[in-house]
Amino acid sequence: MATLHEKQCLSSSIAVVMVPYPAQSHMNLLLQFSHVVSSYDIPVHYVGSAVHNSQVKSRASNPLHHLTKIHFHDFPVSLSPDISPPNTTTTSSKTNCNSEHQARRTEVSTHLHEPFRMSFLYQTQKLSISVFAGLAFRRGAFEPRDNNIIPINDLPSVESCFPSAVVRNFIASQVRLSHFKAGELHNTCRAIEGTFIDQILSERKMWAVGPLHLMTTNKELVKDQDKWLLEWLDQQEPKSVLYISFGTIFTFSDEDIKEIALGLEQSGVKFIWVLRDADKVNSLSNEEARRPHLPDGFEKRMRGMGLVVREWVAQVKILAHTSIGGFMSHCGWNSCMESISMGVPIAACPMQSDQPMNALLITEVLKVGVAVREWRQRDELVTSSMISEAVRKLMASDEGEGMRKTAAEMGEKVKRSVAEGGDCCLEWDSFIAHITR
């Protein structure tokens with residue numbers, strides 16, 4: 001990272017503007033990115049709706065007083081009505097419902113275009129600042145065509161990963177604008193995706209500036225919810241607990257929840273399960289939150305073996321605990337990066353978007369995880385036997401122990417990359433030098 005003197009010497013005429021897609025993982029990612037940029041004494045403007053800006057600040061892993069370095073702009077956005085959580089028990093109907101939810105989020109993000117344009121014109125005229133917003137930000141470097149490097153059969157199709165035509169059209173529009181970009185930023189590092197980073201560098205300008213969550217970690221007060229969970233973990237054996245979370249943009253049917261619960265019970269493995277519905281597009285909606293329904297008596301039977309949590313938790317703190325031995329995840333890229341950096345292998349259960357490709361990277365390329373089910377089975381119900389088998393393989397087998405060892409070694413390399421003089425810090429210095437030259 002740059003020295004204090006070097007940071008103070010950076011041009012004050014540069015500002016970086018962040019316009020997040022309104023999903024928690026995207027908002028977190030750009031908030032973490034904003035923190036690091038602001039540490040170079042560069043103004044950062046974080047643009048979003050008032051609802052989503054409030055949400056990302058309330059869930060920030062950094063203390064709130066650290067956010068004063070970032071200028072939040074609350075723009076009025078016309079939000080579509082929220083869709084109701086799926087009330088069917090068929091996986092295909094559930095997939096369609098969550099696809100519609102994703103399409104609405106995409107629609108909301110496009111509503112930021114005009115207020116952002118007007119703010120950009122106002123700021124440049126008033127302050128004569130140079131706003132740098134032309135770099136594409138991507139989560140990882142692994143791409144479908146990478147099967148030329150490491151052969152993988154049955155790569156997920158774009159249509160299967162993005163069932164919504166609205167979302168596919170939005171992606172296509174971004175691709176058409178790609179010739180305007182000066183380069184790409186990837187929330188990854190060489191310890192995880194060195195082969196793919198080298199391939200991209202041979203074709204275009206890019207910086208691997210991750211893992212961002214390790215670049216922005218600060219010591220803060222532990223919330224009561226997290227304190228209780230961490231105290232429970234303190235009482236467990238090392239590497240004995242499975243952490244389960246499927247992110248903030250996916251809702252399960254009661255039948256899915258029943259199968260997951262029964263599978264966990266059959267596995268005999270201790271667990272912490274974060275069970276909550278997807279975030280609403282409009283988090284100020286008056287609609288009463290749905291409380292996912294567990295099988296009768298499940299929590300009582302699992303007393304001492306597992307905890308079901310229905311609130312937002314500090315995921316990185318949990319993954320970093322010595323009692324965590326595995327993570328059942330939807331394979332959102334942030335979750336993948338957090339898990340790998342903490343040396344925790346993954347039971348992969350991808351749902352949509354980039355998740356199927358991320359799951360392939362985890363299970364077939366890096367060899368730090370198992371598949372709960374194959375992507376070609378995505379329209380089938382995830383059964384309790386699938387859950388139980390995957391959990392036992394990850395947590396209670398020689399193969400799982402090998403994955404844990406590989407993940408731990410990779411995690412140590414990732415942590416070294418964010419230390420002074422590490423790959424990540426050098427990438428950041430290069431990126432900042434590029435935008436301030």
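Numbering of residues begins at 1 and proceeds along the displayed sequence. A quick note: this is a predicted structure, and the numbers were derived from the prediction, not measured. Quick note: numbers below take in every heavy atom, side chains included, and nothing from hydrogens, waters or symmetry partners.
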Are the side chain of [X] and the backbone N or O of [Y] linked by a donor-acceptor pair below 3.5 Å?
| X | Y | result |
| --- | --- | --- |
| Gln355 | Met351 | yes |
| Ser339 | Ser335 | no |
| Arg168 | Pro163 | yes |
| Asn358 | Cys331 | yes |
| Glu193 | Ala141 | yes |
| Ser160 | Pro156 | no |
| Gln235 | Trp232 | no |
| Arg310 | Pro292 | yes |
| Asp226 | Val313 | no |
| Thr322 | Pro238 | no |

Is it the case that over 12 heavy atoms from other parts of the model lie below 6.0 angstrom from the [atom1] atom of [X]?
| X | atom1 | value |
| --- | --- | --- |
| Glu311 | CD | no |
| Lys239 | NZ | yes |
| Asp234 | CG | yes |

Give the minimum heavy-atom separation between [X] and [Y], together with the two atoms involved.
| X | Y | answer |
| --- | --- | --- |
| Pro211 | Val418 | CD-CG1, 3.9 Å |
| Val209 | Leu212 | O-CD2, 3.6 Å |
| Thr406 | Leu366 | CG2-O, 4.0 Å |
| Cys424 | Gly210 | SG-O, 3.2 Å |
| Val414 | Ser341 | CG1-CB, 3.8 Å |
| Ile70 | Tyr46 | CG2-CB, 3.9 Å |

Are the side chains of [Y] and [X] in contact, using a 4.5 Å heavy-atom criterion?
| X | Y | answer |
| --- | --- | --- |
| Val274 | Trp312 | no |
| Pro350 | His330 | no |
| Leu394 | Met403 | yes |
| Thr363 | Val370 | no |
| Phe271 | Val391 | no |
| Ile197 | His186 | no |
| Asn187 | Phe33 | no |
| Cys161 | Gln352 | no |

* Asked: For Lys270, which residues count as a side-chain hydrogen bond (donor to acceptor under 3.5 Å, both in side chains) partner, sequence neighbours excluded?
  ->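 Lys270 satisfies side-chain hydrogen bond (donor to acceptor under 3.5 Å, both in side chains) with Gln236 only.
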* Output yes when Glu380 and Arg373 qualify as a salt bridge under the 4.0 Å nitrogen-oxygen rule, no when they do not. =>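 Looking at Glu380 and Arg373, the cut-off is not met.
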* Under-4.0 Å salt bridge between Arg416 and Asp423 ->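 No, no charged N to carboxylate O under 4.0 Å.
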Measure the [atom1]-[atom2] distance between [X] and [Y] for me, rounded to the nearest 0.5 Å.
| X | Y | atom1 | atom2 | result |
| --- | --- | --- | --- | --- |
| Leu264 | Leu242 | CG | CG | 6.5 Å |
| Ser245 | Trp273 | OG | CH2 | 11.5 Å |
| Met342 | Ile324 | CE | CD1 | 12.0 Å |
| Asn28 | Asn334 | CG | CG | 6.5 Å |
| Leu185 | Lys205 | CG | NZ | 11.0 Å |
| Ile362 | Ile192 | CD1 | CD1 | 7.5 Å |

* salt bridge (Lys or Arg N to Asp or Glu O under 4.0 Å) evaluation trace for Glu184 with Arg204 -> CA-CA 8 Å; Glu184 295 177 359; Arg204 54 194 185 269; 2.7 Å; yes
* To do: Assess whether ring pair (Phe, Tyr, Trp, His ring centres under 6.0 Å) is satisfied between Phe252 and Phe246, documenting all intermediate values.
  => CA-CA 9 Å; Phe252 283 102; Phe246 298 101; 4.9 Å; yes
* To do: Starting from the C-alpha separation in whole Å, work towards a yes-or-no answer on side chain to side chain contact (heavy atoms under 4.5 Å, CB included) for Leu361 and Trp333.
  => CA-CA 11 Å; Leu361 175 69; Trp333 185 242; 3.6 Å; yes
* Asked: Parallel, tilted or perpendicular for Trp428 and Tyr40, by the 30°/60° rule?
  ->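 Plane angle under 30°, so parallel.
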* Give me the ring orientation class for Phe142 and Phe196: parallel if the planes are under 30° apart, tilted from 30 to 60°, perpendicular past 60°. =>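 Perpendicular: the ring planes of Phe142 and Phe196 meet at over 60°.
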* Asked: Only one of Arg404, Lys393, Arg392, Lys405 forms a salt bridge (charged side-chain N to carboxylate O under 4.0 Å, His left out) with Glu399, so which one is it?
  ->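 So the option named by the test is Lys393.
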* Asked: Among pairs that include at least one residue of residues 328-339, which meet salt bridge (Lys or Arg N to Asp or Glu O under 4.0 Å), considering only residues two or more places apart or in two chains?
  ->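 Output for this query is empty, none listed.
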* Output every pair passing salt bridge (Lys or Arg N to Asp or Glu O under 4.0 Å) with a member in residues 345-362, not counting sequence neighbours, ordered by first then second residue. =>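 Those involving residues 345-362 are Arg139-Asp354.
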* Met302 vs Leu307, side chain to side chain contact (heavy atoms under 4.5 Å, CB included): CA-CA, chis, key distance, verdict -> CA-CA 8 Å; Met302 293 296 98; Leu307 300 177; over 6 Å; no
* Would Ser385 and Ser388 satisfy side chain to side chain donor-acceptor pair (under 3.5 Å), going step by step from the backbone distance to the final call? -> CA-CA 5 Å; Ser385 60; Ser388 178; over 6 Å; no
* Asked: Given the rule in the side chain to side chain contact (heavy atoms under 4.5 Å, CB included) test, do Leu201 and Met206 qualify, once you have shown the distances and angles that lead to the verdict?
  -> CA-CA 6 Å; Leu201 279 172; Met206 67 86 70; 3.7 Å; yes
* **Worked verdict on His71 versus His45 for side chain to side chain donor-acceptor pair (under 3.5 Å)** => CA-CA 5 Å; His71 307 281; His45 299 268; 5.0 Å; no
* Stepwise side chain to side chain contact (heavy atoms under 4.5 Å, CB included) check, Glu412 with Glu409 -> CA-CA 5 Å; Glu412 288 304 312; Glu409 292 171 352; 5.9 Å; no
